[in-house]
Number of protein chains: 2
Amino acid sequence: MLEVMDQAERHLTADAILERAQKIDPRVHRVTVYRTLEMLKKMGLLDELDLLHIHGHGHYYESHGPRDHIHVACLGCGKVREVESDLFEQLKNQISKDTGIEITISRAEIGGYCEACRRR
Amino acid sequence: MLEVMDQAERHLTADAILERAQKIDPRVHRVTVYRTLEMLKKMGLLDELDLLHIHGHGHYYESHGPRDHIHVACLGCGKVREVESDLFEQLKNQISKDTGIEITISRAEIGGYCEACRRR
DNA sequence: ATAACTGCAAATCTTTTGCTTACAG
DNA sequence: CTGTAAGCAAAAGATTTGCAGTTAT
């Protein structure tokens, strides 16, 4: 039922997901959102991020695509960019080999200041 | 005053830090811990992690060494290993170049199942 | 009838804020 | 005296839990 919210863009908080879900069916309850998120997370369909806590300690969710991407956030303006990189894939391979761990989740988050913000 | 806690091992929650601080001086207040953490974070002396939320939604702190390391956690037994990798440095350089962002924080967390846990 | 899903209210956990007091320079 | 740090109580925000009512099988 809540797979719908999953179709949305990117980086939604639980709250934002609730809102969207309620546009479709006003009866959906916050708790249902959390329970569904929990489920989707366990099934590996969803990634949970915190985007380096730029905006408080809440979490963000996005549907897990076939390829990992890295989140690059500007600490000044808050803009978040997504980047794919082969190096990250290599890194994972290397780690998997070195540690003997079979990787199921991976996440990289990078913060800094973009050019515009650096000028200020 | 709370630099002491910073000397401790690794991956402490705010709660654990409070406990340790109180062993030294029982008067320290939870709020002080949070305020100090906030400060150290801003100064870049401390990293805040969530270790992929293996154990709930709390946060973990560790003092920031000269070199970034990647946290590799087993989702089965909860063990967390730290790994350094040149590839990660390269990755950061690449991203910095590609996006024009001057990187000040970076974090990579990887989860999976270790050999022992895979057998179960 | 049974099992899975949902709503609701309330609890819990973590972190933050406002205000006041203590302390050092 | 003056500004920074710390305590305390209370608020705020996010997420979880227990229980009861619904629905689909």
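Naming convention: chains lettered A, B, ... in sequence-line order (proteins, then strands); numbering from 1 in each chain. Everything numeric in this text was worked out from a predicted model, so none of it was measured.
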Return the polar atom pairs (N/O with N/O) between nucleotides 13-18 of chain D and the protein under 3.5 Å, or none.
unit_1: D:dT15; atom_1: OP1; unit_2: A:H59; atom_2: ND1; d: 2.8
unit_1: D:dT15; atom_1: OP2; unit_2: A:Y34; atom_2: OH; d: 2.5
unit_1: D:dT15; atom_1: O3'; unit_2: B:H57; atom_2: ND1; d: 3.4

Take the protein atom CG of A:L37 and the nucleotide atom C1' of C:dC5, then report the distance between them rounded to whole Å.
15 Å
Protein-nucleotide distance (B:M39, atom CE; C:dT15, atom P), rounded to Å
19 Å
Identify whether B:I110 and B:I105 are in the same connected component of the hydrophobic contact network (ILVMFWY, side-chain heavy atoms under 4.5 Å).
no
Please give, in whole Å, the distance from C:dT14 P to B:D50 CG?
14 Å
Spell out, as yes or no, whether a donor-acceptor pair under 3.5 Å connects the side chain of B:T99 to the backbone of B:I95.
yes
Strictly by modelled atom types, are B:D50 and B:H59 linked by a side-chain donor-acceptor pair under 3.5 Å?
no
Linking I/L/V/M/F/W/Y whenever any side-chain heavy atoms sit under 4.5 Å apart, do A:V80 and A:Y60 land together?
yes
Just how far, in rounded Å, is P of C:dC5 from CZ of A:R27?
17 Å
Option from B:E62, B:H64, B:K41 for which side-chain contact (heavy atoms from CB on, under 4.5 Å) with B:E48 holds:
B:K41
Below 4.0 Å: OP1/OP2 of D:dG7 and any side-chain N or O of B:T32:
yes
Verify the cluster assignment for A:L51 and B:L49: are they in a single hydrophobic cluster under the rule of side-chain heavy atoms below 4.5 Å apart?
no
To the nearest angstrom, how far is B:E19 atom CD from C:dC13 atom C1'?
15 Å
Could you state the atom-to-atom distance from NE2 of A:H29 to C1' of C:dG7 in whole Å?
6 Å
Let me know the distance between CG of A:L40 and P of C:dC5, rounded to the nearest Å.
12 Å
